[in-house]
Amino acid sequence: MRIAVIGGGPGGLYFAYLWKKRHPEDQVDLFEQNPADATWGFGVVFSDQALEFLRADDPETVDAIAPHMESWENITLNLGGDSVAIDGVGFSSIGRLELLRFLQQRALEVGITPRFDTQIHAIDQLNGYDLIVAADGLNSLVRRAYEGDFGTSLSYSSNKFVWYGTSKRFDTLSQTFVKTDRGAFNAHHYRYSPTMSTFLVECDHATWQAYGFAYKDVEQSKGVCEEVFADTLGGHCLVSNKSVWRNFPWVWNEHWSFKNMVLIGDALHSAHFSIGSGTRLAIEDAIALVKALESDAHLTTALHRYQAARKPVVQKLVNAARTSAFWYEHFAQHMQQGLMDFAYSYITRSGRIDDARLRHMSPAFMARYEAAKNGGDEA
(Lines give C-alpha, C1' and ligand atoms only; values in the text may rest on other atoms or scores of the structure.)
Protein backbone atom coordinates (compact mmCIF):
# COMPACT_ATOMS: atom_id res chain seq x y z
CA MET A 1 0.00 0.00 0.00
CA ARG A 2 1.12 3.56 -0.76
CA ILE A 3 0.30 5.99 2.04
CA ALA A 4 0.71 9.77 2.13
CA VAL A 5 0.75 11.44 5.53
CA ILE A 6 0.22 15.21 5.53
CA GLY A 7 1.58 16.85 8.66
CA GLY A 8 4.71 16.20 10.68
CA GLY A 9 3.26 16.81 14.14
CA PRO A 10 3.09 14.07 16.78
CA GLY A 11 0.03 12.36 15.25
CA GLY A 12 1.36 12.23 11.70
CA LEU A 13 4.85 11.15 12.72
CA TYR A 14 3.56 8.49 15.07
CA PHE A 15 1.16 6.98 12.52
CA ALA A 16 3.89 6.92 9.87
CA TYR A 17 6.37 5.30 12.24
CA LEU A 18 3.92 2.74 13.59
CA TRP A 19 2.61 1.67 10.18
CA LYS A 20 6.03 1.40 8.55
CA LYS A 21 7.42 -0.51 11.52
CA ARG A 22 4.63 -3.09 11.23
CA HIS A 23 4.44 -3.05 7.40
CA PRO A 24 7.99 -2.44 6.12
CA GLU A 25 7.00 -3.42 2.57
CA ASP A 26 4.58 -0.47 2.26
CA GLN A 27 5.53 2.98 0.99
CA VAL A 28 4.87 5.74 3.52
CA ASP A 29 5.62 9.34 2.54
CA LEU A 30 5.26 12.14 5.10
CA PHE A 31 4.95 15.77 4.01
CA GLU A 32 5.47 18.68 6.43
CA GLN A 33 5.31 22.31 5.32
CA ASN A 34 7.64 23.58 8.08
CA PRO A 35 11.33 22.89 8.76
CA ALA A 36 12.20 19.92 10.95
CA ASP A 37 13.07 22.11 13.95
CA ALA A 38 10.01 24.38 13.82
CA THR A 39 7.27 24.13 16.41
CA TRP A 40 4.60 26.33 17.98
CA GLY A 41 4.33 26.33 21.74
CA PHE A 42 6.58 24.89 24.39
CA GLY A 43 5.74 21.78 26.44
CA VAL A 44 3.13 19.05 26.06
CA VAL A 45 1.48 17.13 28.91
CA PHE A 46 0.43 13.50 29.26
CA SER A 47 -1.63 12.15 32.13
CA ASP A 48 -0.47 8.93 33.75
CA GLN A 49 -3.50 7.22 32.17
CA ALA A 50 -2.51 8.42 28.70
CA LEU A 51 1.03 7.07 29.09
CA GLU A 52 -0.30 3.71 30.26
CA PHE A 53 -2.60 3.57 27.23
CA LEU A 54 0.38 4.20 24.95
CA ARG A 55 2.54 1.74 26.87
CA ALA A 56 0.00 -1.03 26.27
CA ASP A 57 0.49 -0.71 22.50
CA ASP A 58 4.07 0.53 22.24
CA PRO A 59 6.12 0.06 25.44
CA GLU A 60 9.39 0.71 23.59
CA THR A 61 8.39 4.27 22.74
CA VAL A 62 7.20 5.08 26.27
CA ASP A 63 10.33 3.59 27.81
CA ALA A 64 12.49 5.66 25.46
CA ILE A 65 10.64 8.94 26.11
CA ALA A 66 10.13 8.53 29.87
CA PRO A 67 13.69 9.44 30.97
CA HIS A 68 13.33 12.79 29.18
CA MET A 69 10.04 13.71 30.85
CA GLU A 70 9.29 15.81 33.92
CA SER A 71 6.74 14.18 36.24
CA TRP A 72 4.67 15.08 39.31
CA GLU A 73 1.84 13.62 41.36
CA ASN A 74 -0.37 16.60 42.16
CA ILE A 75 -1.83 19.90 40.95
CA THR A 76 -1.31 23.19 42.75
CA LEU A 77 -3.94 25.96 42.73
CA ASN A 78 -2.94 29.50 43.68
CA LEU A 79 -5.68 32.00 44.55
CA GLY A 80 -5.39 35.33 46.34
CA GLY A 81 -1.99 34.54 47.81
CA ASP A 82 -3.08 31.13 49.16
CA SER A 83 -2.37 27.68 47.69
CA VAL A 84 -3.87 24.22 47.82
CA ALA A 85 -2.49 20.95 46.47
CA ILE A 86 -4.75 18.35 44.88
CA ASP A 87 -2.95 15.06 45.30
CA GLY A 88 -3.09 11.94 43.16
CA VAL A 89 -3.33 13.68 39.78
CA GLY A 90 -0.26 12.39 37.97
CA PHE A 91 1.13 14.04 34.85
CA SER A 92 4.32 14.03 32.82
CA SER A 93 5.55 16.61 30.33
CA ILE A 94 8.17 16.98 27.63
CA GLY A 95 9.21 19.80 25.33
CA ARG A 96 7.17 19.71 22.13
CA LEU A 97 10.29 20.10 19.98
CA GLU A 98 12.08 17.35 21.90
CA LEU A 99 9.11 15.03 21.36
CA LEU A 100 9.03 15.87 17.64
CA ARG A 101 12.76 15.18 17.29
CA PHE A 102 12.33 11.85 19.04
CA LEU A 103 9.46 10.81 16.74
CA GLN A 104 11.38 12.04 13.69
CA GLN A 105 14.24 9.76 14.68
CA ARG A 106 11.86 6.81 15.15
CA ALA A 107 10.48 7.43 11.66
CA LEU A 108 13.98 7.49 10.16
CA GLU A 109 14.84 4.24 11.91
CA VAL A 110 12.03 2.38 10.14
CA GLY A 111 12.88 3.80 6.72
CA ILE A 112 10.78 6.97 6.47
CA THR A 113 12.46 10.18 5.36
CA PRO A 114 10.04 13.02 6.20
CA ARG A 115 9.83 15.67 3.50
CA PHE A 116 10.14 18.90 5.45
CA ASP A 117 9.66 22.34 3.89
CA THR A 118 7.19 20.68 1.52
CA GLN A 119 3.73 22.19 1.29
CA ILE A 120 0.86 20.33 -0.33
CA HIS A 121 -1.26 22.96 -2.08
CA ALA A 122 -3.91 20.68 -3.60
CA ILE A 123 -5.11 17.13 -3.04
CA ASP A 124 -4.38 16.39 -6.71
CA GLN A 125 -0.68 16.42 -5.83
CA LEU A 126 -1.31 13.13 -3.99
CA ASN A 127 -2.90 11.22 -6.87
CA GLY A 128 -1.70 7.61 -6.91
CA TYR A 129 -1.68 7.09 -3.15
CA ASP A 130 -3.99 4.39 -1.79
CA LEU A 131 -4.52 6.27 1.48
CA ILE A 132 -4.12 9.91 2.51
CA VAL A 133 -3.81 10.51 6.26
CA ALA A 134 -4.60 14.14 7.10
CA ALA A 135 -2.64 14.99 10.25
CA ASP A 136 -2.23 18.60 9.19
CA GLY A 137 -3.77 20.31 12.20
CA LEU A 138 -6.48 22.85 12.81
CA ASN A 139 -6.12 24.39 9.35
CA SER A 140 -6.10 21.04 7.55
CA LEU A 141 -6.00 21.33 3.77
CA VAL A 142 -7.80 18.02 3.36
CA ARG A 143 -10.60 18.90 5.76
CA ARG A 144 -11.13 22.38 4.33
CA ALA A 145 -11.27 20.98 0.80
CA TYR A 146 -14.13 18.62 1.72
CA GLU A 147 -15.82 20.24 4.73
CA GLY A 148 -19.29 19.26 3.55
CA ASP A 149 -18.30 15.63 3.10
CA PHE A 150 -16.58 15.47 6.49
CA GLY A 151 -19.49 17.26 8.18
CA THR A 152 -17.17 19.86 9.67
CA SER A 153 -18.25 22.28 12.38
CA LEU A 154 -16.10 25.11 13.75
CA SER A 155 -16.72 27.46 16.68
CA TYR A 156 -14.64 29.40 19.19
CA SER A 157 -14.45 29.79 22.96
CA SER A 158 -15.01 33.33 24.19
CA ASN A 159 -11.87 33.52 26.36
CA LYS A 160 -8.58 34.79 25.00
CA PHE A 161 -5.31 32.95 25.61
CA VAL A 162 -1.64 33.34 24.75
CA TRP A 163 1.07 30.69 25.06
CA TYR A 164 4.47 31.57 26.54
CA GLY A 165 7.42 29.80 28.09
CA THR A 166 9.61 30.80 31.02
CA SER A 167 12.87 29.76 32.65
CA LYS A 168 11.08 29.65 36.03
CA ARG A 169 10.85 26.01 37.13
CA PHE A 170 7.56 25.03 38.78
CA ASP A 171 7.26 22.04 41.08
CA THR A 172 3.92 20.82 39.72
CA LEU A 173 1.31 21.54 37.12
CA SER A 174 -0.11 24.73 38.57
CA GLN A 175 -2.92 27.20 38.06
CA THR A 176 -2.52 30.76 39.28
CA PHE A 177 -5.56 33.06 39.37
CA VAL A 178 -4.98 36.80 39.72
CA LYS A 179 -7.52 39.59 40.09
CA THR A 180 -6.58 43.09 38.89
CA ASP A 181 -8.44 46.39 38.77
CA ARG A 182 -9.32 45.71 35.12
CA GLY A 183 -10.26 42.04 35.29
CA ALA A 184 -9.06 38.54 36.18
CA PHE A 185 -6.29 36.42 34.67
CA ASN A 186 -5.37 32.76 34.91
CA ALA A 187 -2.03 31.12 34.13
CA HIS A 188 -1.57 27.41 33.41
CA HIS A 189 2.09 26.65 34.12
CA TYR A 190 4.26 23.55 34.45
CA ARG A 191 7.86 22.57 33.83
CA TYR A 192 8.66 20.50 30.75
CA SER A 193 12.46 20.34 31.10
CA PRO A 194 14.98 20.95 33.90
CA THR A 195 15.27 24.59 32.80
CA MET A 196 11.97 25.56 31.11
CA SER A 197 8.24 25.72 31.81
CA THR A 198 5.12 26.36 29.80
CA PHE A 199 3.22 29.49 30.88
CA LEU A 200 -0.18 29.91 29.22
CA VAL A 201 -2.11 33.08 30.12
CA GLU A 202 -5.90 33.30 29.82
CA CYS A 203 -8.55 35.96 30.41
CA ASP A 204 -12.10 36.71 29.39
CA HIS A 205 -12.88 39.01 26.47
CA ALA A 206 -13.86 41.95 28.70
CA THR A 207 -10.49 41.85 30.48
CA TRP A 208 -8.66 41.51 27.16
CA GLN A 209 -10.46 44.61 25.90
CA ALA A 210 -9.88 46.55 29.13
CA TYR A 211 -6.12 46.05 28.75
CA GLY A 212 -6.17 47.06 25.07
CA PHE A 213 -4.41 43.89 23.97
CA ALA A 214 -5.94 44.25 20.49
CA TYR A 215 -3.63 47.25 19.97
CA LYS A 216 -0.52 45.87 21.64
CA ASP A 217 2.28 44.07 19.82
CA VAL A 218 3.85 40.82 21.03
CA GLU A 219 6.41 42.50 23.29
CA GLN A 220 3.87 44.87 24.84
CA SER A 221 1.45 42.01 25.58
CA LYS A 222 4.27 39.98 27.08
CA GLY A 223 5.21 42.91 29.30
CA VAL A 224 1.67 43.21 30.67
CA CYS A 225 1.52 39.48 31.44
CA GLU A 226 4.90 39.64 33.18
CA GLU A 227 3.58 42.47 35.34
CA VAL A 228 0.31 40.68 36.19
CA PHE A 229 2.16 37.47 37.15
CA ALA A 230 5.29 39.08 38.62
CA ASP A 231 4.93 37.25 41.94
CA THR A 232 4.45 33.90 40.20
CA LEU A 233 7.40 34.40 37.85
CA GLY A 234 9.69 35.51 40.68
CA GLY A 235 11.91 37.70 38.54
CA HIS A 236 11.96 35.41 35.50
CA CYS A 237 10.84 36.65 32.09
CA LEU A 238 8.32 35.17 29.70
CA VAL A 239 9.58 33.76 26.40
CA SER A 240 7.58 34.27 23.21
CA ASN A 241 7.24 31.85 20.30
CA LYS A 242 4.54 33.07 17.92
CA SER A 243 2.80 34.12 21.13
CA VAL A 244 -0.31 35.95 19.94
CA TRP A 245 -3.71 36.18 21.62
CA ARG A 246 -6.22 33.66 20.27
CA ASN A 247 -9.64 32.18 20.90
CA PHE A 248 -9.64 28.43 21.30
CA PRO A 249 -11.11 26.79 18.15
CA TRP A 250 -13.55 23.91 18.50
CA VAL A 251 -13.20 21.59 15.50
CA TRP A 252 -15.43 18.56 15.03
CA ASN A 253 -16.23 16.29 12.09
CA GLU A 254 -19.20 13.95 11.92
CA HIS A 255 -17.54 11.86 9.21
CA TRP A 256 -13.94 10.90 9.78
CA SER A 257 -13.10 9.75 6.26
CA PHE A 258 -14.06 10.54 2.69
CA LYS A 259 -13.00 8.42 -0.30
CA ASN A 260 -9.37 7.46 0.50
CA MET A 261 -8.79 10.36 2.93
CA VAL A 262 -8.94 10.10 6.71
CA LEU A 263 -8.52 12.69 9.48
CA ILE A 264 -6.60 12.35 12.75
CA GLY A 265 -5.60 14.72 15.55
CA ASP A 266 -6.46 18.42 15.45
CA ALA A 267 -7.53 18.11 11.81
CA LEU A 268 -10.34 15.90 13.11
CA HIS A 269 -11.18 17.31 16.54
CA SER A 270 -9.87 19.73 19.13
CA ALA A 271 -9.93 19.39 22.92
CA HIS A 272 -9.45 22.38 25.20
CA PHE A 273 -5.96 22.88 26.64
CA SER A 274 -7.39 22.82 30.16
CA ILE A 275 -7.52 19.03 29.96
CA GLY A 276 -4.15 18.78 28.21
CA SER A 277 -5.14 16.09 25.73
CA GLY A 278 -4.40 17.36 22.20
CA THR A 279 -1.16 15.43 21.65
CA ARG A 280 -2.52 12.41 23.50
CA LEU A 281 -5.62 12.29 21.28
CA ALA A 282 -3.57 12.58 18.10
CA ILE A 283 -1.31 9.68 19.10
CA GLU A 284 -4.27 7.56 20.20
CA ASP A 285 -6.00 8.34 16.88
CA ALA A 286 -2.90 7.04 15.08
CA ILE A 287 -2.97 3.81 17.10
CA ALA A 288 -6.69 3.32 16.45
CA LEU A 289 -6.28 3.95 12.72
CA VAL A 290 -3.46 1.41 12.45
CA LYS A 291 -5.56 -1.21 14.23
CA ALA A 292 -8.58 -0.55 12.01
CA LEU A 293 -6.55 -0.74 8.81
CA GLU A 294 -5.02 -4.02 9.93
CA SER A 295 -8.44 -5.46 10.79
CA ASP A 296 -9.91 -5.25 7.29
CA ALA A 297 -8.30 -5.45 3.87
CA HIS A 298 -11.06 -3.32 2.33
CA LEU A 299 -10.05 0.33 2.82
CA THR A 300 -13.53 1.84 3.07
CA THR A 301 -14.65 -0.76 5.62
CA ALA A 302 -11.46 -0.27 7.63
CA LEU A 303 -11.94 3.51 7.76
CA HIS A 304 -15.53 3.08 8.90
CA ARG A 305 -14.29 0.69 11.58
CA TYR A 306 -11.79 3.35 12.73
CA GLN A 307 -14.60 5.86 13.22
CA ALA A 308 -16.97 3.39 14.87
CA ALA A 309 -14.38 2.28 17.42
CA ARG A 310 -12.75 5.62 18.17
CA LYS A 311 -15.51 8.22 17.86
CA PRO A 312 -17.40 7.37 21.11
CA VAL A 313 -14.16 7.58 23.10
CA VAL A 314 -13.19 10.94 21.61
CA GLN A 315 -16.73 12.31 21.90
CA LYS A 316 -16.75 11.59 25.62
CA LEU A 317 -13.45 13.38 26.17
CA VAL A 318 -14.38 16.34 23.97
CA ASN A 319 -17.65 16.74 25.86
CA ALA A 320 -15.68 16.85 29.11
CA ALA A 321 -13.31 19.38 27.54
CA ARG A 322 -16.23 21.62 26.57
CA THR A 323 -17.56 21.48 30.13
CA SER A 324 -14.09 22.32 31.42
CA ALA A 325 -13.78 25.24 29.00
CA PHE A 326 -17.15 26.58 30.13
CA TRP A 327 -15.85 26.66 33.72
CA TYR A 328 -12.84 28.69 32.56
CA GLU A 329 -15.07 31.13 30.70
CA HIS A 330 -16.51 31.98 34.13
CA PHE A 331 -13.41 31.56 36.30
CA ALA A 332 -13.63 35.16 37.52
CA GLN A 333 -16.95 34.36 39.21
CA HIS A 334 -15.54 31.15 40.69
CA MET A 335 -12.67 33.19 42.19
CA GLN A 336 -15.17 34.80 44.55
CA GLN A 337 -15.41 31.51 46.47
CA GLY A 338 -13.20 30.51 49.37
CA LEU A 339 -10.04 28.61 48.49
CA MET A 340 -11.33 25.09 49.20
CA ASP A 341 -14.71 25.59 47.51
CA PHE A 342 -12.87 27.08 44.55
CA ALA A 343 -10.51 24.10 44.39
CA TYR A 344 -13.40 21.64 44.61
CA SER A 345 -15.22 23.47 41.82
CA TYR A 346 -12.05 23.33 39.72
CA ILE A 347 -11.28 19.63 40.10
CA THR A 348 -14.89 18.55 39.46
CA ARG A 349 -15.47 21.00 36.57
CA SER A 350 -15.51 18.45 33.72
CA GLY A 351 -18.21 16.29 35.30
CA ARG A 352 -16.03 13.19 35.20
CA ILE A 353 -15.06 13.20 38.91
CA ASP A 354 -17.57 12.72 41.72
CA ASP A 355 -16.93 12.73 45.48
CA ALA A 356 -16.36 8.98 45.70
CA ARG A 357 -13.74 9.04 42.96
CA LEU A 358 -12.15 12.15 44.44
CA ARG A 359 -11.83 10.50 47.88
CA HIS A 360 -10.07 7.56 46.25
CA MET A 361 -7.92 9.64 43.91
CA SER A 362 -7.08 12.60 46.16
CA PRO A 363 -7.54 11.53 49.79
CA ALA A 364 -5.45 14.35 51.31
CA PHE A 365 -7.31 17.05 49.41
CA MET A 366 -10.72 15.59 50.19
CA ALA A 367 -9.86 15.30 53.87
CA ARG A 368 -8.95 18.99 53.92
CA TYR A 369 -12.02 19.98 51.88
CA GLU A 370 -14.46 17.99 54.03
CA ALA A 371 -12.86 19.33 57.21
CA ALA A 372 -13.39 22.84 55.89
CA LYS A 373 -17.01 22.10 55.04
CA ASN A 374 -17.48 20.84 58.59
CA GLY A 375 -16.21 24.03 60.16
CA GLY A 376 -12.44 23.70 59.91
CA ASP A 377 -10.36 25.79 57.51
CA GLU A 378 -12.31 28.40 55.59
CA ALA A 379 -13.97 26.82 52.56
Side-chain angles (χ1 to χ4, degrees), residues 3-21 28-47 50-51 53-55 57-58 60-71 91-120 133-141 163-165 190-200 239-243 263-271 273 276-287 289-290:
I3 301 175
V5 180
I6 310 178
L13 280 167
Y14 193 72
F15 172 83
Y17 154 72
L18 202 57
W19 187 264
K20 186 67 173 178
K21 178 184 178 183
V28 181
D29 296 323
L30 186 146
F31 305 90
E32 168 54 47
Q33 64 180 342
N34 294 311
D37 59 352
T39 186
W40 181 79
F42 294 89
V44 295
V45 171
F46 294 89
S47 68
L51 287 177
F53 181 92
L54 179 57
R55 185 184 297 278
D57 284 275
D58 187 4
E60 292 179 7
T61 295
V62 176
D63 289 343
I65 294 175
H68 304 277
M69 303 187 88
E70 298 288 319
S71 300
F91 285 95
S92 297
S93 64
I94 188 171
R96 182 175 171 83
L97 185 55
E98 186 172 9
L99 176 63
L100 287 176
R101 286 171 174 163
F102 175 84
L103 293 175
Q104 289 166 9
Q105 182 59 39
R106 300 293 265 192
L108 288 169
E109 289 171 358
V110 296
I112 297 170
T113 303
R115 303 183 191 183
F116 295 105
D117 294 300
T118 304
Q119 187 166 6
I120 303 298
V133 178
D136 47 346
L138 293 169
N139 297 312
S140 170
L141 166 72
W163 201 351
Y164 297 111
Y190 57 88
R191 68 182 189 274
Y192 64 83
S193 80
T195 58
M196 285 294 294
S197 298
T198 287
F199 202 94
L200 186 151
V239 179
S240 178
N241 177 11
K242 301 179 183 178
S243 300
L263 307 175
I264 68 172
D266 284 349
L268 173 60
H269 46 62
S270 58
F273 50 79
S277 295
T279 300
R280 163 198 171 180
L281 285 176
I283 289 175
E284 291 179 359
D285 286 348
I287 293 171
L289 180 57
V290 167

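In what follows, every heavy atom counts, from backbone to side chain, and hydrogens, waters and symmetry copies are set aside. Residues take their numbers from the sequence shown, with the count starting at 1.
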Cut-off 3.5 Å, side chains only: do Ser270 and Asp266 have a donor facing an acceptor?
no
What pair of heavy atoms forms the shortest contact from Ser47 to Phe91, and how long is it?
CA-CD2, 3.6 Å
With sequence neighbours excluded, tell me which residues meet side-chain contact (heavy atoms from CB on, under 4.5 Å) with Ala282.
none
For residues Pro10 and Leu100, determine if any side-chain heavy atom of one lies less than 4.5 Å from a side-chain heavy atom of the other.
yes
Rounded to the nearest 0.5 angstrom, the CD-CD1 distance for Glu32 and Ile120 is 10.5 Å
How many angstroms lie between atom CD1 of Ile94 and atom CZ of Phe102, to the nearest 0.5 angstrom?
8.0 Å
Examine distances only and state if a side-chain atom of Thr118 and a backbone atom of Phe31 form a donor-acceptor pair shorter than 3.5 Å.
no
For the residue pair Phe42 and Trp163, categorise the inter-ring angle as parallel (less than 30°), tilted (30 to 60°) or perpendicular (more than 60°).
perpendicular
Give the minimum heavy-atom separation between Ile112 and Ala16, together with the two atoms involved.
CD1-O, 3.0 Å
Can you find a pair of side-chain heavy atoms, one from Leu54 and one from Tyr14, that are under 4.5 Å apart?
yes
Could you grab the distance from atom CG of Leu289 to atom CZ of Phe15, nearest 0.5 Å is fine?
4.5 Å
Distance col, row Ile264:CD1 vs Ser140:OG, nearest 0.5 angstrom, shows 10.5 Å
Between NZ on residue Lys20 and CG on residue Asp29, distance to nearest 0.5 Å
9.0 Å
Pair Arg101-Asp37, side chain to side chain contact (heavy atoms under 4.5 Å, CB included): steps then yes or no:
CA-CA 8 Å; Arg101 286 171 174 163; Asp37 59 352; 4.3 Å; yes
Close side-chain approach of Thr61 to Tyr17, heavy-atom, < 4.5 Å
yes
If we only count heavy atoms from C-beta on, is the Phe116 to Gln104 side-chain gap below 4.5 Å?
yes
If we only count heavy atoms from C-beta on, is the Val62 to Phe46 side-chain gap below 4.5 Å?
no
Would you call Asn241 and Arg96 a side-chain contact if the rule is heavy atoms closer than 4.5 Å?
no
Least distance between heavy atoms, Leu13 atom then Ala107 atom
CD2-CB, 4.5 Å
Would a 4.5 Å heavy-atom cut-off, applied to side chains only, mark Arg55 and Asp63 as touching?
yes
Using the salt bridge (Lys or Arg N to Asp or Glu O under 4.0 Å) criterion, which residues pair with Glu70? Sequence neighbours excluded.
Arg169, Arg191
Holding to side-chain hydrogen bond (donor to acceptor under 3.5 Å, both in side chains), I want the full list of residues that pass it with Asp57, two or more places apart in sequence or in another chain.
Lys291
Considering all heavy atoms, the nearest Ser92-Ser71 contact:
OG-OG, 2.8 Å
Heavy-atom nearest pair, Leu281 first then Ala271, reads CD1-CB, 3.7 Å
Taking every heavy atom of Ser197 against every heavy atom of Tyr192, the minimum-distance pair comes out as C-CE2, 3.5 Å
